[in-house]
Amino acid sequence: MQITESSIHHRYCAIPQSVQRRILKHPLCSNLFLTEIGYEDNKVFHPFTTSKAANHYLLVYVAKGAGWYRVKNKKYTATENDFFVLPVKYANALEWSDENPWSIYWAYFSGSQAANIVKHLTENDVAPRKAKPLVGRVAQFNDILHHLELMENIENLVYANSRFYTFLCSFRLMVLSARKYAKKDGVIQSIEYMRENI
């Protein structure tokens, strides 16, 4: 088990291979599971993973600041509230901006449904996307990280990996306006009218 929390600026948890083998055997975790997760604030990104698996990915969420990364010799810049997902083979050239260093939440994940999750999030595009600000997203991340640190029992692993599903899906969550669908649905139109005329 590799856990480090030298300060609030740097925290991570790497899941040992022996624990990953237990996860793979569990029916609630094998579809999607974390192998490494962390937070970096003004520090160089140096994960432990050496995986070359085709269904292994890196998610990065930029909480503040800016940075950049390269994929196939193309440079991408990511700024506050951006996220991107990279196949693990490209997840080795990330740097912060010298003028405005980023703070990032990141996670390596795999599983039989990992490729489908990535397609849902990014449509397999490695370019950064803007995430809607969401209250509780960072708290959710910290909760996942906390329970992974308690990996001695399978219950914590199941909880952390199950919650990771909702954490990932939060990046595609949209706040839709009922007004947009008012002409199509009379019930929604009535609710909108009542909200505006309380």
Which pair of heavy atoms, one from [X] and one from [Y], lies closest together, and at what distance?
| X | Y | result |
| --- | --- | --- |
| Glu95 | Trp102 | O-CZ2, 3.8 Å |
| Ile154 | His26 | CG1-CD2, 3.6 Å |
| Val85 | Phe109 | CG1-CZ, 4.2 Å |
| Phe141 | Phe167 | CD1-CZ, 3.6 Å |
| Pro133 | Asn81 | CG-ND2, 3.9 Å |
| Ala14 | Met151 | O-CE, 4.1 Å |

side-chain hydrogen bond (donor to acceptor under 3.5 Å, both in side chains) assessment of Gln113 paired with Asn116: CA-CA 5 Å; Gln113 290 297 316; Asn116 289 328; 2.8 Å; yes
Could you grab the distance from atom [atom1] of [X] to atom [atom2] of [Y], nearest 0.5 Å is fine?
| X | Y | atom1 | atom2 | answer |
| --- | --- | --- | --- | --- |
| Lys25 | Arg21 | NZ | CZ | 8.0 Å |
| Asn31 | Asn161 | CG | CG | 11.0 Å |
| Ser162 | Leu28 | OG | CG | 6.0 Å |
| Trp96 | Ser103 | CH2 | OG | 10.5 Å |
| His146 | Ile144 | NE2 | CD1 | 12.5 Å |
| Ser110 | Ile15 | OG | CD1 | 13.0 Å |

Between Tyr165 and Ile117, does a side-chain contact (heavy atoms from CB on, under 4.5 Å) hold up when you go through it step by step? CA-CA 9 Å; Tyr165 265 105; Ile117 289 287; 4.1 Å; yes
Pair Phe84 + Tyr76: ring centers closer than 6.0 Å: no
Tell me whether the centres of the aromatic rings in Phe171 and Tyr61 are closer together than 6.0 Å.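 Centroid separation for Phe171 and Tyr61: below 6.0 Å.
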Within the 4.5 Å heavy-atom criterion, are [X] and [Y] side-chain neighbours or not?
| X | Y | result |
| --- | --- | --- |
| Val71 | Pro87 | no |
| Tyr69 | Pro128 | yes |
| Phe83 | Thr122 | yes |
| Leu134 | Lys132 | no |

Is there a path of hydrophobic side-chain contacts, each under 4.5 Å between heavy atoms of I, L, V, M, F, W or Y residues, that connects Trp68 with Leu94?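 No, no single cluster joins them.
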Shared hydrophobic cluster, Ile23 / Tyr159 (ILVMFWY, side-chain heavy atoms < 4.5 Å): no
Would Ile37 and Leu148 count as a side-chain contact (heavy atoms from CB on, under 4.5 Å) here? Give the steps. CA-CA 9 Å; Ile37 186 171; Leu148 281 178; 3.6 Å; yes
Donor + acceptor pair across side chains of Gln140, Thr166 (<3.5 Å): yes
Could you give me the CA-CA distance, side-chain angles and deciding distance for Leu168 and Leu32, then say whether side-chain contact (heavy atoms from CB on, under 4.5 Å) is met? CA-CA 11 Å; Leu168 287 174; Leu32 183 74; 3.7 Å; yes
Decide side-chain contact (heavy atoms from CB on, under 4.5 Å) for Asp41 and Lys64; before the verdict, give the C-alpha distance in whole Å, the side-chain angles of both, and the deciding distance to 0.1 Å. CA-CA 9 Å; Asp41 184 11; Lys64 64 179 181 179; 4.1 Å; yes
Using 4.0 Å as the upper bound for N to carboxylate O, is an ion pair formed by Asp82 and Arg129? no
Does Lys130 reach the main-chain N or O of Glu80 with its side chain, forming a donor-acceptor pair under 3.5 Å?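 Present.
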